[in-house]
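Computed from a prediction, not measured in an experiment: that's the story for all the values here. All heavy atoms count here, side chains included; hydrogens, waters and symmetry mates do not. Residues take their numbers from the sequence shown, with the count starting at 1.
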Amino acid sequence: MVTIVLPPVTLRRQASPMSRTIFFEVEVLDAKTKEQLCFLDKVEPHSTIGDIKSLFYKLYPHWYPARQALTLDPKGKSLRDEEILQSLPVGTTATMYFKDLGPQLGWTTVFFAENIGPLLIYLLFYFRVPYIYSDSYAFTSSPHKVVTTACVCHTFHYLKRLIETIFVHRFSHGSMPLRTIVKNCLYYWGFSAWLAYYINHPLYTPPSYGELQVHYAMLLFVICELGNFSIHLSLSHLRGDRCRGRRFPVPSKNPFTWLFFLVSCPNHTYEVGTWVSFSIMTQCLPVAVFTLLGFIQMTIWAKGKHRAYNREFKDYPAVRVAIIPLIL
């Protein structure tokens, strides 16, 4: 157990000489063993959970703030970093429970790892490197134009996502556990290999309606990619304009953002449309399975965001649904 006595440091406006500041005491216990890890004395009432994590980190350097979760109950919900100590339902002596979230990686690293794999893996199958198919097909190309078109679309999609990760997305200081990143990469990389294997296979059969089906699917693909990029750009500008406070996204002059009139998460709507068009273009079962699973997961995310918007904003448009206009 470690006890640390802190000098009284005012985090906001200097108190009046006539006023008497009431300091807090914070006891941090291990959530599993209930063993006391540290006792913080003379903590400013305006201190945030982030401040407490920083103090805890000084005592236990191997538990950096992103790896920490502090709760008011051993099985309770993690407190947000921006929550203020005096606003919590505790007395002047607060007991918090510590959970180790494990090694963490930042969101930029997470997105980069998830997207670079599918990009490179698909190209290995497209160029038919040795040992994927029989030796007689090594470094040969498919006679079907749709195979090349699919490769261009797939490569463009993941290059766009990498460019957005670097230049468009505005990430918070949050992070993701390393074990979750490994699972996500196995999912995206594995599916990329599975669908690439069949699309680039020497025995692959083109779509039933030939070039007409491919061309219409490609048109839908381009529309959805432009729409997805437009929404990400709009959300990035919204997060960057913090001086006007928190606001929900609204349509702009860009026609691709007009989907905000009907859904809360048009970025997911366009993403689903991208993979539906890719499924139609290739007429490949693994792509359809990947599209279905992606739709299920994005629906869960969209519904969660939709509920959050409704809770936070009293004037949130009632006509909006989560992901599919007028339906879902």
Is the shortest heavy-atom distance from the side chain of [X] to the side chain of [Y] under 4.5 Å?
X      : Y      : answer
Ile52  : Leu40  : yes
Thr93  : Phe24  : no
Ser234 : Asn254 : no
Leu70  : Tyr97  : no
Ile166 : Thr108 : no
Leu235 : Ile231 : yes
Glu27  : Gln36  : yes
Leu29  : Leu37  : no

Kindly check if the number of other-residue, nucleotide or ligand heavy atoms within 6.0 Å of [atom1] ([X]) is above 12?
X      : atom1 : answer
Trp189 : CH2   : no
Tyr187 : OH    : yes
Lys305 : NZ    : no
Lys303 : NZ    : no
Lys34  : NZ    : yes

Take Tyr198 and Tyr204 through the test side-chain contact (heavy atoms from CB on, under 4.5 Å) and record every step on the way to the result. CA-CA 7 Å; Tyr198 284 100; Tyr204 170 75; 5.8 Å; no

Measure across [X] and [Y] and return the closest heavy-atom pair with its distance rounded to 0.1 Å.
X      : Y      : value
Leu101 : Gln68  : CD1-O, 3.7 Å
Pro286 : Leu195 : CB-CA, 3.9 Å
Gln104 : Ala66  : CG-O, 3.4 Å
Phe256 : Tyr270 : O-OH, 2.8 Å
Ala302 : Cys265 : CA-SG, 3.7 Å
Leu105 : Val110 : O-CG2, 3.9 Å

Sub-3.5 Å donor-acceptor pair from the side chain of [X] to the main-chain atoms of [Y], do we have one?
X      : Y      : answer
Thr140 : Ser136 : no
Arg320 : Phe260 : yes
Ser192 : Ile121 : no
Lys99  : Pro74  : yes
Asp51  : Ser47  : no
Asn310 : His306 : yes
Asn115 : Tyr158 : no
Thr299 : Phe295 : yes

Regarding Glu82 and Thr48, is there a side-chain donor-to-acceptor distance under 3.5 Å anywhere? no

Count I, L, V, M, F, W, Y as connected when their side-chain heavy atoms are under 4.5 Å apart, and connections chain through other members. Are [X] and [Y] then in the same cluster?
X      : Y      : result
Phe229 : Met298 : no
Val182 : Ile116 : no
Val152 : Val287 : no
Tyr57  : Tyr60  : no
Leu226 : Leu220 : no

Measuring from atom [atom1] of [X] to atom [atom2] of [Y], what distance do you get when rounded to the nearest 0.5 angstrom?
X      : Y      : atom1 : atom2 : value
Leu85  : Leu79  : CG    : CG    : 10.0 Å
Gln297 : Leu292 : CD    : CG    : 12.0 Å
Cys38  : Met96  : SG    : CE    : 10.0 Å
Cys185 : Glu114 : SG    : CD    : 5.5 Å
Phe98  : Glu35  : CZ    : CD    : 11.5 Å

Test side-chain hydrogen bond (donor to acceptor under 3.5 Å, both in side chains) applied to Ser208 and Gln283, step by step: CA-CA 8 Å; Ser208 303; Gln283 199 171 300; 2.8 Å; yes

Side chain to side chain donor-acceptor pair (under 3.5 Å) with His232: of Glu164, Arg161, His237, only one passes, and it is Glu164

Walk me through it: do His157 and Trp275 pass the test ring pair (Phe, Tyr, Trp, His ring centres under 6.0 Å)? CA-CA 10 Å; His157 176 74; Trp275 287 105; 5.2 Å; yes

ring-ring contact (aromatic ring centres under 6.0 Å, His included) partner of His154, chosen from Tyr122, Tyr126, Phe221, Phe290: Tyr122

Please go through Tyr309's hydrophobic cluster and name the other residues, only I, L, V, M, F, W, Y counting, with side-chain heavy atoms under 4.5 Å joining them. Phe248, Val250, Phe313, Tyr316

Could you check Asn184 against Ile181 for side-chain contact (heavy atoms from CB on, under 4.5 Å), going step by step and ending with a plain yes or no? CA-CA 5 Å; Asn184 286 4; Ile181 298 171; 5.7 Å; no

If the condition is side chain to side chain contact (heavy atoms under 4.5 Å, CB included), which residues does Ser142 pass it with, not counting sequence neighbours? Arg128, His144, Val147

Under the side-chain hydrogen bond (donor to acceptor under 3.5 Å, both in side chains) criterion, do Thr257 and Ser252 qualify, and how do the steps go? CA-CA 6 Å; Thr257 67; Ser252 67; 3.1 Å; yes

When you look at Phe139 and Phe127, which way does the ring pair (Phe, Tyr, Trp, His ring centres under 6.0 Å) test go after all the steps? CA-CA 5 Å; Phe139 296 115; Phe127 291 110; 8.3 Å; no

List the steps and the verdict of side-chain contact (heavy atoms from CB on, under 4.5 Å) for Val321 and Ile327. CA-CA 7 Å; Val321 292; Ile327 299 176; over 6 Å; no

According to the interplanar angle, ranging from 0 to 90°, do the rings of Phe111 and Trp107 count as parallel (below 30°), tilted (30 to 60°) or perpendicular (above 60°)? perpendicular

Excluding sequence neighbours, so at least two apart, what forms ring pair (Phe, Tyr, Trp, His ring centres under 6.0 Å) with Tyr133? Tyr197, His201

If you apply the rule side-chain contact (heavy atoms from CB on, under 4.5 Å), what do you find for Met281 with Cys153, and how did you get there? CA-CA 10 Å; Met281 180 191 303; Cys153 290; 3.7 Å; yes

